[in-house]
Amino acid sequence: MKLTDTQCRSAKPREKPWNLTDGHGLFLLVKPNGSKLWRCDYAFDGKRSTANFGPYPDTGLSKARDLRDDLKGKVKAGINPATKAEDSRPTFEQVAREWFKANESKWKASYSARFWKRIEDDIFPAFGSTAIADVKPPVVLAALRKVEGREAIYTARRVHQFVSVVFKYAIAGGLIERNPAADLHGALKPVPKENHRKALKETELSTFFARLATTPMEEATRLGLKAVAHVFVRTEEIRFAKWPEFDFERDVWTIPAPRMKMKRELRVPLSRQAKAVFLRLRELANGAEWVLPGPYRLKPVSENCLLYALYRCGYHGRATVHGFRSTFSTIANESESPTWDRDAIEHQLAHAPDDAIRAAYDRGERWQTRVRMMQWYSDLLERHEKTGIANDLSDLLG
């Protein structure tokens, strides 16, 4: 039975690629990312091949059938459809692959693979086969709009940066004279601002740790989120953390005053669990000065790295990295056994003291109170983590 345009429009992505068949070799390939691509199987000189007729709906059903009929006519006439009119101009995909190959060694293998998959899924189907000199701004913007349509605002901007870099590379090589992606920045949707008040409740922690353990991401990113859950520092305080700030013999992390919001040095007691997380991060850093080094290792991770990892765990619009501070504050202030001194809680959160006396809480018994409090809190998180992972395993086993 032949396809209808309604069937093509309403075809939904599945876990694996699947086909809608129209007949005489023509079919619509529906990919898990939602893209729909026309393909046509044919045989020439005893060899089976598949032709690419472009993405749907850019190439409509009627046009795809015309292309199929033209292809079949060439085969019948003894003309190889794979032989195209000669065009020596490089396509966008060819230039992109050349640039990527030249720069791939700068990144971690897992990062480069994930990064490249975005380009293969979101850009090449749109204009990868187009001569790079013929790519126009509206075509690039249309591809980015599709990414934004998945609510992947940050990804759309990263893909835009990549496309722009490829065009700059082509300019340097004398292939084009102007970057068609250069003026699109203002046309893209802005990255939504983080609402610091969105935080997890204690009843949600078990599920959070289960999702954190199973959501695909870099191990360092996973541990970075786990570290923040245990020590609840601000994003910039852990993002720019360096290893000389840590004293693992005394179990303390000293954050320098210039990096603190209140411009006062903060000492963070490291619980047994937090210490184990940071020691593993040091192994993963492999000599880098940053606790969370970025892809190039010369700079820390991007400012949204942990936030978007949290989103991948299913907490988009429901929780933020900064929110772990509120989670700790609520749990510690509402604890009845044991009860914790409010000033000790506020000091560990690096909030401003009410008077000069409270500025000295980092000494004597107040320090010991904070050490006990941090270990108590990590023990509480550890119990939630074990519960969450156990429940998740139970669900898998049925």
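Checked against side chain to side chain contact (heavy atoms under 4.5 Å, CB included), D22 has the following partners two or more places apart in sequence or in another chain: K2, L3, L26, L61, R65, R68. Every residue meeting the side chain to side chain contact (heavy atoms under 4.5 Å, CB included) condition with K201, not counting sequence neighbours, appears here in chain and number order: T203, E204. In this structure, the ring pair (Phe, Tyr, Trp, His ring centres under 6.0 Å) partners of F324, at least two apart in sequence or on a different chain, are F208. Contacts of K63 classified as side chain to side chain contact (heavy atoms under 4.5 Å, CB included), with partners at least two apart in sequence or in another chain: T59, L67. With sequence neighbours excluded, the residues that form a ring pair (Phe, Tyr, Trp, His ring centres under 6.0 Å) with F278 are F246, W253.
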Margin query: Between F100 and Y169, does the side-chain contact (heavy atoms from CB on, under 4.5 Å) criterion hold? Intermediate values first, please.
Written below: CA-CA 10 Å; F100 185 78; Y169 180 78; over 6 Å; no
Margin query: Does W99 form a ring-ring contact (aromatic ring centres under 6.0 Å, His included) with F162? I'd like the steps, not just the answer.
Written below: CA-CA 10 Å; W99 175 86; F162 165 81; 5.4 Å; yes
Next item on the list: Step by step, work out the side-chain contact (heavy atoms from CB on, under 4.5 Å) result for I176 and F167.
Entry: CA-CA 8 Å; I176 58 175; F167 283 125; 3.7 Å; yes
Notebook entry, point to check: Taking it one step at a time, do T387 and F209 satisfy side-chain contact (heavy atoms from CB on, under 4.5 Å)?
Noted result: CA-CA 9 Å; T387 299; F209 281 113; over 6 Å; no
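With a 6.0 Å radius and a threshold of 12 heavy atoms from other residues, nucleotides or ligands, R318 has its CZ atom above the threshold.
A salt bridge is defined here as a Lys NZ or Arg NE, NH1 or NH2 lying under 4.0 Å from an Asp or Glu carboxylate O, and E219 with R280 meets this definition. Salt-bridge formation is detected for the pair R272/E382: a Lys NZ or Arg NE/NH1/NH2 atom is positioned less than 4.0 Å from an Asp or Glu carboxylate oxygen. For the pair E245 and K242, the salt-bridge criterion is not met [side-chain N within less than 4.0 Å of a carboxylate O].
Without hydrogens or angle criteria, S326 side chain to H322 main chain gives no donor-acceptor distance under 3.5 Å. Panel note: side chain R370, backbone R267; a donor-acceptor pair is recorded below 3.5 Å.
Between the CZ atom in R157 and the CG atom in N304 there is a gap of 11.0 Å [rounded to 0.5 Å]. Rounded to the nearest 0.5 angstrom, Q348 CD and M373 CE are separated by 5.0 Å. The CH2 atom of W116 sits 11.5 Å away from the NZ atom of K101 when rounded to the nearest 0.5 Å.
W290 does not carry K299 over the face of its six-membered ring by the limits of under 6.0 Å from the centre and within 45° of the normal.
A donor-acceptor pair shorter than 3.5 Å cannot be found between the side chains of T130 and D134.
None of W18, F53, Y56 except one satisfies the side chain to side chain contact (heavy atoms under 4.5 Å, CB included) rule with L28; the exception is Y56.
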Show every donor-acceptor pair shorter than 3.5 Å between a side-chain atom in residues 225-233 and any protein atom, with sequence neighbours excluded, or say none if there are none.
| unit_1 | atom_1 | unit_2 | atom_2 | d |
| --- | --- | --- | --- | --- |
| K226 | NZ | E385 | OE1 | 3.4 |
| K226 | NZ | E385 | OE2 | 3.0 |
| H230 | ND1 | S378 | OG | 2.7 |

